[in-house]
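Before any comments, here is the structure.
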Number of protein chains: 4
Amino acid sequence: MLNRVVLVGRLTKDPDLRYTASGIAVANFTVAVNRPFSNQQGDREADFINCVIWRKPAENLANYMSKGSMVGVDGRIQTRSFDGQDGKRVFMTEVVADSVQFLESKNSNRQASGNGGQGSGGYQPQNQNQQEAPNPNQANNPQSGSSNDNLEPIDISDDDLPF
Amino acid sequence: MLNRVVLVGRLTKDPDLRYTASGIAVANFTVAVNRPFSNQQGDREADFINCVIWRKPAENLANYMSKGSMVGVDGRIQTRSFDGQDGKRVFMTEVVADSVQFLESKNSNRQASGNGGQGSGGYQPQNQNQQEAPNPNQANNPQSGSSNDNLEPIDISDDDLPF
Amino acid sequence: MLNRVVLVGRLTKDPDLRYTASGIAVANFTVAVNRPFSNQQGDREADFINCVIWRKPAENLANYMSKGSMVGVDGRIQTRSFDGQDGKRVFMTEVVADSVQFLESKNSNRQASGNGGQGSGGYQPQNQNQQEAPNPNQANNPQSGSSNDNLEPIDISDDDLPF
Amino acid sequence: MLNRVVLVGRLTKDPDLRYTASGIAVANFTVAVNRPFSNQQGDREADFINCVIWRKPAENLANYMSKGSMVGVDGRIQTRSFDGQDGKRVFMTEVVADSVQFLESKNSNRQASGNGGQGSGGYQPQNQNQQEAPNPNQANNPQSGSSNDNLEPIDISDDDLPF
DNA sequence: TTTT
DNA sequence: TTTT
């Protein structure tokens with residue numbers, strides 16, 4: 001038995017971060033992955049894949065990524081069913097992410113403004129903003145994106161960030 | 001953009017082979033993949049993942065595999081939506097398989113009957129039964145399983161079998 | 001950054017289980033994966049992929065699988081280099097397995113002997129032999145294979161088996 | 001039998017494009033993938049994974065990506081051996097890529113210079129530079145990178161680009 | 001109900 | 001022989 005999924009695509013909207021009654025963070029998000037071929041009408045379609053991630057990486061996702069962000073997802077397919085509001089059984093399929101990789105912030109290139117001397121080849125770890133530890137009880141931090149505009153990809157696996 | 005899925009699990013029922021109006025074969029099947037952990041009640045759950053495969057491999061799947069067969073699937077996640085019979089939009093997620101690998105026939109071990117001298121180490125290609133070319137217009141060949149009882153796995157990628 | 005590998009193939013020899021100075025189990029093994037196509041001479045080649053697995057799953061692998069066993073591997077590619085015995089730097093690439101799935105014992109079908117009434121459709125968990133807890137200080141248990149002849153696959157992920 | 005690899009990482013140097021005697025393009029490249037954890041010394045290591053890609057995508061890779069570019073790779077592991085110059089057999093493992101996805105050009109952000117009105121939300125297909133059809137007999141086009149600075153990722157699967 |  |  002083996003169940004492995006890898007995706008690279010863009011968030012269709014900001015991640016939806018919530019907490020269970022017992023205080024565990026869980027974020028739902030949808031990744032749009034453009035198909036590598038065109039349909040008969042000649043245009044490119046996309047698949048919109050529902051994903052969920054738990055605990056620390058869920059908070060990191062909500063704090064650092066937003067609608068349009070390009071992400072890499074490593075996880076597995078999960079199916080479950082529940083009773084819909086109309087009394088009918090609803091079946092759903094989603095990807096449970098083990099880790100999400102930040103490949104490009106929504107606004108990279110857009111906000112870049114002549115920072116000439118910067119690309120001097122030196123490598124600057126981009127974790128200074130990890131100082132301002134995100135409040136786990138606060139859902140989405142709207143201005144967080146602006147503090148790391150894809151200078152370096154961030155891996156938000158569970159053990160990765162120091163908060 | 002990247003979208004890759006690999007599954008190993010068992011068919012929950014016989015593959016459902018059909019043909020489009022233009023004569024293209026398409027098979028739908030569901031793979032049950034046991035989760036590698038137990039839930040709070042201490043029992044193992046499974047994910048039931050809908051899959052679809054096209055053309056030659058679809059026919060091969062229907063001819064060689066059946067309910068309970070263990071398969072490997074290599075493909076991608078696809079989402080689509082259509083109008084349900086109750087007028088509501090139905091969203092569905094399925095795996096489009098590029099190839100399906102036959103890992104174990106439903107009845108392996110069950111039908112095996114003391115073929116003692118056989119395991120002599122020699123490797124015998126198990127494709128002799130590909131001679132009896134399956135009829136593509138015939139859906140499921142119930143006794144097909146008995147002609148290849150998992151002595152060697154069969155790969156049913158598109159270019160693989162000579163029919 | 002993403003690095004994911006999934007393999008299904010056969011062990012080319014018995015797993016090589018060792019222990020580090022600090023007592024951590026590590027098993028090396030090679031998986032032969034037949035290519036899904038033929039070369040110009042018309043014959044099927046295989047890739048021989050070196051793998052390594054650590055801790056409990058390493059012991060499980062050594063205890064339950066042997067030359068010829070079909071396995072599923074989920075892991076990542078790792079490269080490293082060291083000084084060869086001739087003083088030259090040796091570069092090597094191997095797969096570090098997170099989990100290995102037992103898909104078929106070496107001798108399934110071979111040893112099966114008329115257990116006619118068995119295939120009654122019922123699902124019997126095949127973990128009774130996990131009682132006889134393998135001795136971690138003992139490397140390869142040659143007769144272990146005979147106690148589980150692929151009636152059901154065994155997943156040997158870390159948290160999976162109760163020993 | 002299943003053999004699937006997915007990588008996201010950076011090119012350690014410009015792709016090395018060559019042509020076989022029969023005129024088939026083949027590019028070799030190495031992808032550095034940072035490990036998602038630190039070693040005992042507390043620093044992050046990387047795996048340097050040798051890859052090869054054939055035909056059109058090989059030319060696209062050489063024309064659009066260079067040292068430092070972030071790429072996504074979908075492929076399989078291949079092993080082969082040959083006689084080294086010292087007469088000893090050399091074994092090598094590499095990833096044969098089916099497709100490579102351009103996730104970030106080497107110089108994105110660096111060269112971005114206040115193009116204020118541009119990020120106006122409109123989607124501009126970034127294939128205008130595909131007009132200047134690359135010469136297949138010319139290896140690396142050093143200034144090609146500057147014509148597509150990661151405004152949009154480019155997929156360089158075989159059937160993807162119109163040249 | 002979708003991203004770019 | 002390595003990227004950022």
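Here is the naming used below: chain letters follow the sequence lines, and residue numbers restart at 1 for every chain. Here the structure is a predicted model, which means the values were calculated and not measured.
Summarising the geometry, the separation between CG on A:Asn50 and C1' on E:dT3 is reported as 13 Å, rounded to the nearest angstrom. Protein atom CG of A:Asp47 is 14 Å distant from nucleotide atom P of E:dT3, rounded to whole Å. Nucleotide F:dT1 holds its P atom 12 Å from the NZ atom of C:Lys88, rounded to whole Å. Here F:dT1 presents its C1' atom at 14 Å from CG of D:Asn28, a figure rounded to the nearest Å. When the P atom of E:dT1 is taken as reference, atom CG of A:Asp14 falls 20 Å away, rounded to whole Å. Spacing between atom CG of C:Leu2 and atom C1' of F:dT4 amounts to 16 Å, rounded to whole angstrom units. Across the protein-nucleic acid pair, D:Arg10 atom CZ and F:dT4 atom C1' stand 5 Å apart, rounded to whole Å. Between A:Leu61 atom CG and E:dT3 atom P there is a gap of 17 Å when expressed in whole angstrom units.
Side-chain atoms of A:Asp43 and A:Ser38 include no donor-acceptor pair closer than 3.5 Å.
Closest approach to the D:Thr30 side chain among E:dT2, F:dT3, F:dT2 is made by F:dT2 (side chain taken as heavy atoms from C-beta onward). When each of F:dT2, E:dT3, F:dT3 is scored by its nearest atom to the side-chain atoms of A:Ala46, the top-ranked nucleotide is E:dT3. When each of F:dT3, F:dT2, E:dT2 is scored by its nearest atom to the side-chain atoms of B:Phe91, the top-ranked nucleotide is E:dT2. The side chain of B:Met1 sits closest to E:dT3 out of F:dT4, E:dT3, F:dT2. Out of E:dT3, E:dT1, F:dT2, the shortest distance to the side chain of D:Phe48 is found at F:dT2. Relative to the side chain of D:Thr12, the nucleotides E:dT1, E:dT4, F:dT3 differ in distance, and F:dT3 lies closest. The side chain of B:Arg89 approaches E:dT1 more closely than any other nucleotide in the set F:dT1, E:dT4, E:dT1.
Residues satisfying the salt bridge (Lys or Arg N to Asp or Glu O under 4.0 Å) test with A:Asp86, not counting sequence neighbours, are B:Lys88. For C:Arg76, the salt bridge (Lys or Arg N to Asp or Glu O under 4.0 Å) partners at least two apart in sequence or on another chain are D:Asp47.
Residues B:Met1 and A:Arg10 have side chains in contact (heavy-atom distance under 4.5 Å, counting atoms from C-beta outward). Inter-residue side-chain proximity for A:Arg89 and A:Asp83 is flagged as met; some heavy-atom pair is nearer than 4.5 Å.
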